[in-house]
Amino acid sequence: MEVRTRFAPSPTGYMHIGNLRTALYAYLHARKNKGTFILRIEDTDQARLVEDSVKVIYDSLAITGLEHDEGPDIGGPVGPYVQSARLPIYRQHAEQLLSAGHAYRCFCEKHEKSEDPSEEEHEGVILGYDGRCGRLSEAEVKANLDKGMPYVIRQKIDHDGRTAFKDFVYGEITVEHKQLDDQILLKRDGYPTYNFANVVDDHLMGITHVMRGCEYISSTPKYILLYKAFGWEIPEHIHLPHIMGPNGKKLSKREGSAALSDLLDKGYLPEAVLNYIALLGWNPGTEQEFFTKAGLIEKFDIARIGRAPAMFDEVKFSWLNGQHIKALQPAAAHALFLKFYPEKILKDFDAAKLSGLIQGKIEKPSDIPAMVAFLTALDENYSTELFINKKNKTTLEGSRAVLTDLQALLSGLSAWDHAAVYGAVNSYAESKASKIGPIMWPLRIALSGLAVTPTGAIEIAELLGKEESLRRISVAIGRL
RNA sequence: GCCCUCUUCGUCUAGCGGUUAGGACGCUGCCCUUUCAAGGCAGAGAUCACGGGUUCGAAUCCCGUAGAGGGCGCCA
């Protein structure tokens with residue numbers, strides 16, 4: 001049977017990383033099995049519609065390359081793909097349940113969850129609906145309808161017995177029916193709830209593998225009951241463990257890494273994002289960690305999805321992003337870095353050359369401004385302690401002597417390119433019967449005023465040019 | 001409150017009855033004698049949440065306990 005998976009986000013205005021991973025797994029499973037990946041928009045909450053948020057969904061899928069085969073923008077055989085355009089379908093199915101006795105009209109007052117959680121806290125509070133309208137006589141229902149009372153349609157659940165289903169990841173899950181309340185299927189405004197629409201749509205759209213976050217595990221038995229009430233085949237259910245923030249709590253917008261756009265703004269590569277989140281909850285069974293999207297399609301297997309929640313670790317993610325940056329063509333890396341260079345850098349330096357020099361050591365492009373700031377402005381108050389390096393056995397006095405010699409040598413240079421500067425430094429080292437490290441160290445400190453620089457001493461000298469390099473050397477000598 | 005789920009180095013994970021419990025990030029050290037870094041190599045770091053069983057033998061199977069996450073909305 002052809003595999004059909006779907007990504008069914010609701011338009012919230014931003015693409016949450018956890019949702020993106022759900023989309024990724026659904027996409028990978030479809031591609032891996034030469035199946036179909038569908039996009040469906042779940043916009044059934046009229047109160048929470050966010051302007052332009054559907055565009056965010058399209059853009060996110062486009063930039064990460066999770067292209068869908070069917071969806072609102074490109075159509076397909078089982079549309080429409082936007083739930084707000086499917087209202088008659090839900091009503092028809094709700095009425096079918098009504099006449100079959102699997103649902104009933106409920107005329108009760110609205111009971112939305114309180115904004116103040118403490119109100120729900122005190123013991124004895126009835127959680128869930130008590131089902132009273134399910135016991136209304138036909139005459140009472142008719143009377144209410146005649147009065148024009150508004151109503152919702154609820155699923156009628158027999159509170160004896162239990163329902164079990166087999167989750168592909170979590171195994172067999174059994175829930176007693178007394179834990180299930182008569183959930184609302186069709187709201188007063190005629191829109192379906194998620195609980196109803198997802199079942200109807202997944203079936204009508206031929207979804208074979210339902211993938212979603214594990215917060216739906218508890219309510220899945222209610223969906224199973226709906227499938228059974230309709231006499232529909234139950235698709236494979238694949239619930240996914242959550243991605244947690246650094247504090248062990250759910251990933252939130254506050255931490256700045258919950259939304260795809262936050263990550264992209266920091267210069268993380270879309271493919272690195274896919275690579276990293278794929279590994280949060282799935283592993284290939286080998287020691288491979290670097291994956292392109294094509295590599296993920298090849299290796300992905302739903303059998304290797306894990307059950308435990310995973311923390312999003314931006315440190316490891318940065319490392320992985322660095323690996324992807326290294327793998328980039330130089331022109332692509334430069335294009336990525338370009339938007340992070342301060343204007344002064346672009347004006348005074350050969351930015352393409354700079355990109356080539358730093359490509360191998362950039363992990364997070366948003367670090368670039370801080371990393372290259374020393375090129376445009378030397379902080380002349382850097383600590384002279386920097387000249388003391390244990391490994392190269394450099395001292396203050398030694399550094400002063402080396403820099404004084406270098407100043408004379410370099411000022412005599414007619415050419416100022418990598419070969420010329422290196423040649424001069426190297427022959428100086430040879431003349432002193434020294435390794436080159438003890439010469440390079442003070443030179444690099446003098447040129448940058450930093451312990452760690454994005455590139456080496458010779459490269460910095462080359463970027464700065466002769467005049468500025470010599471000026472910085474004399475500043476250093478003055479300070480030593 | 002009731003229900004569901006999860007628990008292996010700090011973090012992501014391998015493991016599916018017998019392993020010196022493996023890898024990766026991070027950390028520490030060494031090497032690379034064209035450099036701090038990057039790269040290569042090495043090391044430290046896990047009484048496998050805890051307590052009981054089953055078994056010749058348990059991280060792996062069973063039962064409890066604890067902690068954490070989730071659900072119980074006219075939200076998804």
Side-chain angles (χ1 to χ4, degrees), chain A residues 8-10 12 42-45 47-48 106 108-114 120-129 150-154 167 170-171 173-176 178-181 183-189 191-195 197-198 212-221 239 241-242 244 246 248-250 276 279-289 304 306-313 315-320 322 326 358 360-361 386 389 391-392 418 422 425-426 429 434-441 443-445 448 450-460:
Chain A
S10 56
T12 56
E42 308 220 327
D43 59 343
T44 56
D45 188 352
R48 294 187 195 203
C106 170
C108 292
E109 283 300 302
K110 228 172 180 178
H111 181 73
E112 281 179 279
K113 190 171 188 175
S114 169
E120 303 280 341
E121 286 301 296
H122 41 285
E123 74 289 6
V125 170
I126 305 148
L127 290 164
Y129 181 65
Y151 62 88
V152 299
I153 295 179
R154 286 186 186 269
D167 183 86
Y170 288 93
I173 311 252
T174 307
V175 175
E176 307 276 337
K178 60 172 179 263
Q179 295 298 329
L180 309 177
D181 68 329
Q183 63 178 350
I184 291 173
L185 269 18
L186 216 57
K187 300 185 253 189
R188 207 177 280 206
D189 64 4
Y191 279 73
T193 58
Y194 167 86
N195 302 317
N198 93 84
R212 55 158 92 106
C214 63
E215 67 271 25
Y216 294 107
I217 284 186
S218 296
S219 32
T220 298
H239 286 98
H242 283 139
M244 323 284 274
K249 294 263 164 55
K250 239 170 135 173
Y276 184 68
L279 262 16
L280 254 26
W282 171 83
N283 76 83
T286 64
E287 282 170 6
Q288 182 180 356
E289 292 198 301
R304 297 199 63 88
R307 285 180 289 275
M311 273 189 213
F312 187 99
D313 178 11
V315 175
K316 180 156 188 178
F317 173 46
S318 283
W319 168 81
L320 190 59
K326 282 190 183 71
I358 67 176
K361 83 173 286 176
L386 290 174
N389 180 255
K391 227 180 80 176
N392 283 308
H418 190 280
Y422 174 68
V425 172
N426 191 42
S434 165
K435 287 188 181 180
I436 203 156
I439 310 301
M440 289 288 195
W441 183 272
L443 179 59
R444 193 177 59 83
I445 299 301
S448 69
L450 296 171
V452 177
T453 50
T455 179
I458 305 296
E459 292 76 16
I460 295 169

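Letters A, B, ... are given to chains in the order of the sequence lines, protein chains preceding strands, and every chain is numbered from 1. What you see below is based on every heavy atom in this structure, not just the backbone, and it leaves out hydrogens, waters and symmetry mates.
For Thr453(A) against C36(B), a side-chain N or O and a base N or O form a donor-acceptor pair under 3.5 Å. Side-chain to base pairing of Ser219(A) with G71(B): no donor and acceptor N or O lie closer than 3.5 Å to each other.
Closest approach to the Asp181(A) side chain among U5(B), G73(B), A76(B) is made by G73(B) (side chain taken as heavy atoms from C-beta onward). Closest contact between the side chain of Ile173(A) and the listed nucleotides U5(B), C2(B), A76(B) involves U5(B). When distances are taken from the side chain of Val315(A) to each of G26(B), A37(B), C75(B), the shortest belongs to G26(B). Checking C75(B), A24(B), C4(B) against every side-chain atom of Ser218(A), the shortest atom distance belongs to C4(B).
Judged by Watson-Crick or G-U wobble contacts below 3.5 Å, the nucleotide G1(B) has C72(B) as its partner. A 3.5 Å limit on both hydrogen-bonding distances identifies G29(B) as the Watson-Crick or G-U partner of C41(B). Partner assigned to A58(B) is none, using Watson-Crick or G-U wobble distances below 3.5 angstrom. Nucleotide A66(B) is matched to U7(B) when pairs are restricted to Watson-Crick or G-U wobble geometry with both distances under 3.5 angstrom.
G15(B) and U28(B) have their C1' atoms separated by 28 Å, with the value rounded to a whole Å. Comparing G22(B) with G43(B), their P atoms are spaced 11 Å from each other, to the whole Å. Of the C1' atoms belonging to G51(B) and A37(B), the separation is 50 Å, rounded to the nearest Å. Only the P atoms considered, A49(B) is 15 Å distant from U13(B), to the nearest whole Å. A66(B) and C27(B) are spaced 39 Å apart, taking the P atom of each and rounding to whole Å. To the nearest whole angstrom, the two C1' atoms, one in C56(B) and one in G71(B), are 45 Å apart. Between the C1' atoms of A59(B) and C48(B), the separation comes to 4 Å (whole Å). Comparing G70(B) with C75(B), their C1' atoms sit 15 Å apart, to the nearest whole Å.
Evaluation of the salt bridge (charged side-chain N to carboxylate O under 4.0 Å, His left out) rule for Lys316(A) yields Glu289(A) as partners, not counting sequence neighbours. With sequence neighbours excluded, the residues that form a side chain to side chain contact (heavy atoms under 4.5 Å, CB included) with Thr193(A) are Ile184(A), Lys187(A), Asn195(A), Phe196(A). Legend: residues meeting ring-ring contact (aromatic ring centres under 6.0 Å, His included) with Tyr422(A), ordered by chain and number and at least two apart, are absent. Applying the side chain to side chain donor-acceptor pair (under 3.5 Å) rule to His239(A) yields the partners Asp167(A), Arg212(A), Thr220(A); only residues at least two apart in sequence or on another chain are considered. Taking Asp313(A) as the reference, nothing meets the side chain to side chain donor-acceptor pair (under 3.5 Å) condition, with sequence neighbours excluded. Checked against ring-ring contact (aromatic ring centres under 6.0 Å, His included), Tyr191(A) has no partners two or more places apart in sequence or in another chain. Partners of Pro284(A) according to the side chain to side chain contact (heavy atoms under 4.5 Å, CB included) rule, which considers only residues two or more places apart in sequence or in another chain, are Leu279(A), Trp282(A), Thr286(A), Phe291(A).
Residues Pro192(A) and Ala197(A) share a closest heavy-atom pair of CG-CB, 3.8 Å. Closest non-hydrogen pair, Pro241(A) versus Ala308(A), comes out as CB-O, 3.5 Å.
Taking 4.0 angstrom as the limit, Thr193(A) places none of its side-chain polar atoms (N or O) nearer than this to OP1 or OP2 of C75(B). Between Arg307(A) and C6(B), a side-chain N or O to OP1/OP2 separation shorter than 4.0 Å is present.
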- Sugar-phosphate or base contact per nucleotide [nucleotides 12-21 of chain B; S, B, -; heavy atom under 4.0 Å]: BSSS------
- Note on the structure: Scoring nucleotides 27-35 of chain B by protein non-hydrogen atoms under 4.0 Å (B base, S sugar-phosphate only, - none) yields -----BBBB
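Among the atoms of the strands shown, none is found under 4.0 Å from any heavy atom of Thr12(A). Across all strands, Val452(A) comes closer than 4.0 Å to base atoms (heavy-atom distances). At the heavy-atom level, Thr44(A) lies under 4.0 Å from the strands shown only through sugar-phosphate atoms. Residue-level contact check: Phe317(A) touches neither bases nor backbone, having no heavy atom under 4.0 Å from any strand.
The nearest whole Å value for the distance from the CD1 atom in Ile184(A) to the P atom in C74(B) is 4 Å. Atom-to-atom, CZ of Arg212(A) to C1' of G70(B) comes out at 14 Å; the value is rounded to the nearest Å. Between the CG atom of Leu185(A) and the P atom of C75(B) there is a distance of 13 Å, rounded to whole Å. For the pair Gln183(A) CD and G71(B) P, the interatomic distance rounds to 15 Å; values are reported in whole Å. When the P atom of A37(B) is taken as reference, atom CG of Leu386(A) falls 14 Å away, rounded to whole Å. Between the C1' atom of C74(B) and the CZ atom of Arg188(A) lies a distance of 7 Å, rounded to the nearest Å. Spacing between atom CD of Glu215(A) and atom P of G73(B) amounts to 15 Å, rounded to whole angstrom units. Leu186(A) places its CG atom 10 Å from the C1' atom of C74(B), with the value rounded to the nearest Å.
The distance from atom CD1 of Ile439(A) to atom CG of Asn426(A), rounded to the nearest 0.5 Å, is 10.0 Å. For the atom pair CH2 of Trp441(A) and CG of Asn389(A), the computed distance is 4.0 Å after rounding to the nearest 0.5 Å.
Nearest-nucleotide positions on RNA chain B place Glu287(A) closer to the 5' end than the other of Pro438(A) and Glu287(A). Heavy-atom nearest nucleotides on RNA chain B were determined for Ala8(A) and for His242(A), and the one closer to the 5' end corresponds to His242(A).
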- Could you walk me through whether Arg48(A) and Thr12(A) pass the side chain to side chain contact (heavy atoms under 4.5 Å, CB included) check? CA-CA 8 Å; Arg48(A) 294 187 195 203; Thr12(A) 56; over 6 Å; no
